[in-house]
Trainee: 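Quick one: this structure, given as structure tokens, is what I'll be asking you about.
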Amino acid sequence: MAQDTLEQLLIDRQRHIAAGATTPLPTQYPVNQLAAALHPETQYLKITKVVTHDATARSFYLAPDPTKGTQHLAYFQAGQYLSVRITIDGSVVTRPYAIRSAPQSALNDEYILTIKRVPQGFVTPYIFNHWRVGTTVTASAPMGTLTINPLRDQSHIVAIAGGSGITPFYAMASAILDGTEDADLTILYGSRDHHHILLGDELNAISTQTDRVHLVNVLSDEDYPGYETGFITADVIRRHLPAGPVSVFICGPDALYQFAQKELTAFNLPAGRIRHELSGNYGDPRQAPDYPDSPANASVQTFRLTVSVRGQTQTIPARADESVLTAMERAGIHAPSACRSGECGVCRARVVSGQLFVPNQDDHRRLADKTYGYVHTCLAFPLSDCELDVPVHALANQFG
Amino acid sequence: MKTDYDVIVIGAGNGGLAAAVTAAKLNHKVLLVERHNLPGGAATSFTRGRFEFEPSLHELAGYGPQDNPGNIRQFFDWAGIDVQFHAVPDAYRMINTGKDKLDIRMPTGIQNFMTTLIQAVPGSQASVQAFFKIAIENAQVFAQLSAHPEALDPATLATQHPLFAKYGHQPYQRVLQALDMPAKAQEILLAYWCYIGIPSDEFEFAYFASMLVSYVTYSAYIPQNRSHEISSALVQALQANGGTAWFNTEVTQLLTAEGAVVGVQIGDRKLYAHEVIADLLPDTVYSHLLPAEMVPTTELKKANARELGTSGFLVYLGLNRSATELGIHDYSTFIARDWDTRHQFAGMHQLHGNDFMIMNCLNVANPTCSPAGTSILYATQLFFGDSWDQVRPQDYPHLKTQLARDVITRYEQATGVHIQDSIEEIEVATPVTFARYLRAPEGDIYGYYGQPWDQMVARSLTAAQEDEPLPHLHFCGGAGHMLDGYSSAYASGQFAARQASHNLQKEVL
Ligand SMILES: Cc1cc2nc3c(=O)[nH]c(=O)nc-3n(C[C@H](O)[C@H](O)[C@H](O)COP(=O)(O)OP(=O)(O)OC[C@H]3O[C@@H](n4cnc5c(N)ncnc54)[C@H](O)[C@@H]3O)c2cc1C
Ligand code: FES
């Protein structure tokens with residue numbers, strides 16, 4: 001009896017399978033299409049307009065480049081960035097740039113990046129020399145977590161920005177103005193003097209159109225009527241702190257973050273109320289408090305770094321004061337990366353042998369990665385000769 | 001023909017990892033290819049601030065204590081996986097917030113569990129005892145089917161395991177009713193249906209009962225450092241046994257010759273292997289990796305006759321207070337407005353009004369999973385991907401927040417625990433997230449839905465026969481003979497690797 005039941009079940013199975021349709025299987029699914037629209041692997045873009053703010057800052061307007069396969073730009077949340085991928089003299093490098101325009105603009109197929117030229121930089125001088133109307137640009141999907149979350153963040157955000165760190169907050173201000181974000185925003189914005197306020201006029205224009213965005217300029221090198229003078233200290237913060245609970249977002253160079261964080265201790269904010277994003281590469285690892293002792297004034301050592309990418313191996317030089325990601329980029333290896341500040345994990349690679357330094361304060365690796373010998377190459381500095389097993393950079397470029 | 005590898009495994013999800021490690025341990029030359037930059041598929045982790053979140057694993061089944069190891073612990077020991085696991089202290093807390101109000105905590109250990117149940121539902125003793133008698137025998141067969149589906153057939157089952165043969169394929173709820181179990185006791189025994197996502201009037205008794213017995217007797221387990229730790233250990237085991245793993249690498253096509261699978265296409269390179277194991281839904285392979293004319297008609301019909309499984313919606317919370325401070329004492333809390341699983345199932349097809357959820361607090365089972373004074377909570381809901389079909393990119397961020405707020409509020413109302421003020425980090429995963437990271441159609445996380453003819457019993461008894469739809473091609477993963485789940489995927493990976501290994505040995509002879 002029971003055996004019959006089981007045998008019957010197997011017959012049923014055959015019957016159901018035999019009754020199946022022979023129509024072709026779907027190749028597209030709406031949820032997967034939405035995933036691809038929100039998180040394309042690569043966005044191929046084209047510059048449609050360049051605005052020069054001053055000698056050191058420009059805005060680049062980007063549209064999709066359908067000839068390369070990008071029909072529309074991915075939507076994003078104010079505060080997110082693109083990782084732009086550029087080849088310079090045989091080095092394939094990435095740099096993160098916050099999308100400065102409002103998310104609404106992505107629906108009209110436009111992103112704006114505002115980029116400050118870093119005098120001794122490797123990439124920004126190249127951008128300033130080469131990016132023109134018509135130049136094509138390859139970028140990631142929008143990424144990053146410096147975004148407003150109403151369930152986590154207080155309804156009033158205090159933003160502390162320096163230099164190009166203003167760009168994510170510009171996008172937030174725009175998104176508040178057009179109603180995409182429901183929050184109040186007070187921006188404490190550090191600049192050198194009133195001639196050098198990146199996007200200053202544009203920000204003013206926004207804050208006059210909505211009373212939900214307040215702009216406080218803090219000038220380090222100048223006394224100017226109506227502006228704060230000096231650094232963004234606890235006193236400055238206190239003077240402009242709104243009534244009620246706030247979340248503080250910080251974006252700018254590491255020095256700004258270190259300073260602001262110290263000043264903010266006075267306010268005893270609960271954990272999670274201070275959020276930050278580094279804008280740019282991690283600095284010199286030897287400044288990190290946990291860097292292993294080395295003789296004072298010792299010259300920077302160069303180690304041998306053996307990199308194997310899918311079974312193909314080469315040995316390259318790697319300086320102790322540069323990340324192994326940079327070493328690979330210098331050598332022309334297509335190593336994966338995006339945020340370049342240790343956070344996103346895109347650059348994860350396996351250490352086969354050797355010692356690397358990872359600054360504890362910015363170490364965002366998964367716990368198991370620490371025990372199983374993985375590093376984020378953008379935040380790993382050689383302390384000896386090393387051997388790494390690195391995945392290829394991008395799916396689009398497989399063996400390309 | 002020249003080959004580069006004995007076995008190429010496509011996809012490093014739980015199934016693919018188990019397949020690759022098993023094949024390598026059996027001395028075959030293995031290449032594991034994964035398109036993401038991490039191993040594990042669903043079995044991974046992500047960090048936000050000072051928290052590292054578990055994306056998927058609620059409870060690992062089939063692991064068991066050291067002195068009574070289950071299939072999975074035995075496999076890990078064999079593979080040399082050295083990961084610290086914690087037993088989940090209780091089975092579950094179940095809350096019904098609707099008119100049939102219920103709030104009960106069920107312990108582990110069969111005796112404790114039965115005692116609690118019988119106390120909570122007067123008059124249930126006889127039926128509960130009868131239930132566990134059948135359930136325990138079913139669980140034994142279940143473990144055998146899981147590990148060696150090829151070794152059993154209807155005739156053997158009927159003679160050696162009459163209770164399995166009689167009840168195994170019957171719907172769970174029908175068996176409970178046949179035992180005259182009081183409605184409330186039936187309800188309390190329904191909590192785990194969501195782990196496989198088949199309503200109880202259609203869910204095979206053998207599977208449901210075995211799952212219950214397994215969690216209650218052996219406890220569920222979770223790893224110290226999220227499931228990324230297990231996946232990393234499996235990759236290490238693969239490498240230690242001479243295997244290779246390539247990440248950020250997508251297989252775009254299966255290579256065939258004379259109707260058989262002979263390798264894979266990666267970028268502009270062709271790699272040849274004796275055997276190929278795909279940790280992908282057959283649908284994906286047939287629609288994306290093989291030209292239509294290569295797909296056998298029966299396989300096309302089978303794929304069309306099957307239904308996609310469910311996807312999920314999860315809210316991950318890093319809280320700046322400890323579980324004790326917040327008054328949280330339960331690892332798993334199952335919450336719904338009513339415990340009619342058909343009704344809960346119907347809710348999975350709509351964006352709003354899906355009122356069934358699970359809340360897990362990792363710290364209850366793994367106290368040091370987050371820094372002192374903090375805790376990790378995550379809420380899970382099941383949604384069929386199609387409920388998200390109409391969502392537009394610009395609606396997506398807001399929708400996530402809205403649904404997450406709903407889930408958090410419902411948890412607070414059901415338990416009286418207040419968490420909204422303590423949220424330090426939050427992340428939300430939706431069917432779109434799973435579509436992005438796992439690539440499965442409609443963000444499916446449960447393989448194929450278990451229609452009665454496509455559940456564990458039928459799949460297991462035909463696993464060997466339906467293996468190799470094309471010569472040298474094997475499947476594994478959440479769509480395998482044990483349906484979805486970590487242990488199921490591990491089991492299916494081992495099975496696929498043994499089938500492949502068997503072929504390789506034949507070739508040598
Ligand atoms: C939210 C959630 C909660 C869950 N809770 C539990 C639980 O508590 N207990 C439990 O036991 N189970 C649970 N599960 C189920 C369990 O995670 C899955 O059933 C199991 O992991 C499935 O494994 P898989 O092998 O099918 O792989 P998947 O996880 O689907 O991985 C497939 C892999 O293949 C890769 N891939 C896809 N296409 C290609 C290609 N062309 N080339 C190369 N690589 C490719 C993908 O990137 C992915 O890594 C849960 C799942 C989720 C998502
Ligand atoms: S590039 Fe983001 S962690 Fe290294």
Side-chain angles (χ1 to χ4, degrees), chain A residues 1-3 5-7 9-10 12-13 15-27 29-32 34-39 74-75 77 103 107 145 149-152 270-272 310-311 336 345-346 348 364-369 371-372 374 391-395 397-400, chain B residues 35 37 45 47-49 52 154-155 157-158 162 165-166 169 225 228-229 232 236 246-250 266-269 283 286-288 292 297-298 300-305 320 385 388-389 391 393-394 396-397 401 404-405 423-426 431-432 435-436 441-443 453 457-458 461-462:
Chain A
M1 169 65 197
Q3 181 180 344
T5 323
L6 292 176
E7 269 159 7
L9 170 63
L10 301 188
D12 273 0
R13 180 174 176 83
R15 198 167 46 77
H16 276 100
I17 293 173
T22 51
T23 43
L25 295 168
T27 54
Y29 294 89
V31 169
N32 301 66
L34 178 56
L38 286 163
H39 309 285
Y75 189 66
Q77 281 186 273
L107 299 175
T145 53
N149 188 308
L151 295 172
R152 176 196 63 200
R310 266 192 322 218
V346 165
R348 177 181 182 269
H364 290 283
R365 283 179 297 167
R366 295 166 172 86
L367 291 162
D369 279 353
T371 43
Y372 284 86
Y374 291 82
V392 281
H393 185 289
L395 298 167
N397 246 28
Q398 309 240 342
F399 298 113
Chain B
R35 61 163 291 283
N37 79 333
S45 73
T47 62
R48 291 288 180 274
E52 179 166 341
L157 284 171
K166 179 166 177 208
H169 175 60
N225 292 328
H228 178 61
E229 184 178 18
S232 304
Q236 192 182 56
W246 285 354
F247 295 95
N248 282 4
T249 302
E250 180 170 19
I266 294 169
D268 60 4
R269 205 198 282 185
D283 269 63
Y286 298 146
S287 59
H288 285 85
T297 312
T298 335
L300 178 62
K301 288 180 163 184
K302 184 158 104 184
N304 273 318
N320 59 18
W388 289 67
D389 280 359
V391 177
Q394 61 267 43
Y396 183 67
T401 304
R405 175 175 284 133
I423 301 175
E424 178 176 330
E425 297 291 342
I426 180 169
V432 180
R436 174 186 180 196
E442 292 289 88
W453 59 271
V457 176
L461 292 176
T462 55

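On a predicted model such as this, the values are computed, not experimentally measured, just so you know.
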Trainee: May I ask you to decide if the ring planes of B/Trp388 and B/Tyr396 are parallel, tilted or perpendicular, using 30° and 60° as cut-offs?
Mentor: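 Rings of B/Trp388 and B/Tyr396: perpendicular, as their planes differ by over 60°.
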
Trainee: Of the backbone (N, CA, C, O) and the side chain (C-beta and beyond), which part of B/His169 lies under 4.5 Å from a heavy atom of chain A, both, or neither?
Mentor: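 Just its side chain gets close to chain A.
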
Trainee: Taking side chain as everything from C-beta outward and backbone as N, CA, C, O, which of these in B/Leu300 sits under 4.5 Å from a heavy atom of chain A? Side chain, backbone, both or neither.
Mentor: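 Both parts, backbone and side chain.
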
Trainee: For the candidates B/Val457, B/Thr47, B/Leu461, which exhibits the highest count of non-hydrogen atom pairs separated by less than 4.5 Å from chain A?
Mentor: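 Option with the top pair count is B/Thr47.
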
Trainee: Do A/Arg310 and B/Thr249 have side-chain N/O donor and acceptor atoms under 3.5 Å apart?
Mentor: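 Looking only at side-chain atoms, B/Thr249 and A/Arg310 do form a donor-acceptor pair, the distance falling under 3.5 Å.
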
Trainee: Less than 4.5 Å to any heavy atom of chain A: does that hold for the side chain of B/Ala404, its backbone, both, or neither?
Mentor: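 Backbone plus side chain of B/Ala404, per the 4.5 Å heavy-atom cut-off to chain A.
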
Trainee: With respect to chain A, which residue among B/Lys301, B/Glu229, B/Glu425, B/Lys302 yields the maximal number of heavy-atom pairs within a distance under 4.5 Å?
Mentor: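 Heavy-atom pairs under 4.5 Å are most numerous for B/Lys301.
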
Trainee: Pick from B/Ala292, B/Gly385, B/Pro431, B/Ala155: which one has the most heavy-atom pairs with chain A under 4.5 Å?
Mentor: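 Counting heavy-atom pairs under 4.5 Å, the top option is B/Ala155.
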
Trainee: Side chain, backbone, both or neither: which part of A/Leu10 has a heavy atom under 4.5 Å from chain B?
Mentor: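 Side chain of A/Leu10 only, per the 4.5 Å heavy-atom cut-off to chain B.
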
Trainee: Heavy-atom distances under 4.5 Å only: say whether A/Leu38 touches chain B with side chain, backbone, both or neither.
Mentor: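 Only the side chain of A/Leu38 comes within 4.5 Å of chain B.
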
Trainee: Side chain, backbone, both or neither: which part of B/Asn304 has a heavy atom under 4.5 Å from chain A?
Mentor: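 For B/Asn304, backbone and side chain are both near chain A.
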
Trainee: Give, as side chain, backbone, both or neither, the part of A/Thr22 having an atom under 4.5 angstrom from any heavy atom of chain B.
Mentor: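 Answer is both: backbone and side chain atoms of A/Thr22 are under 4.5 Å from chain B.
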
Trainee: So which of B/Glu424, B/Lys166, B/Arg405, B/Gln236 has the biggest tally of heavy-atom pairs under 4.5 Å with chain A?
Mentor: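 Most heavy-atom pairs under 4.5 Å with chain A: B/Glu424.
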
Trainee: I need the residue from B/Asn225, B/Thr462, B/Asp389 with the largest number of non-hydrogen atom pairs under 4.5 Å to chain A.
Mentor: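 Heavy-atom pair counts peak at B/Asp389.
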
Trainee: Can you say whether B/Ser232 sits under 4.5 Å from chain A via the side chain, the backbone, both, or neither, judging by heavy atoms?
Mentor: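 It is both, since atoms from each part get that close.
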
Trainee: Of all of B/Gly443, B/Ala435, B/Ala158, which one pairs up most often with chain A through heavy atoms under 4.5 Å apart?
Mentor: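 Among the listed options, the one with the most contacts to chain A is B/Ala435.
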
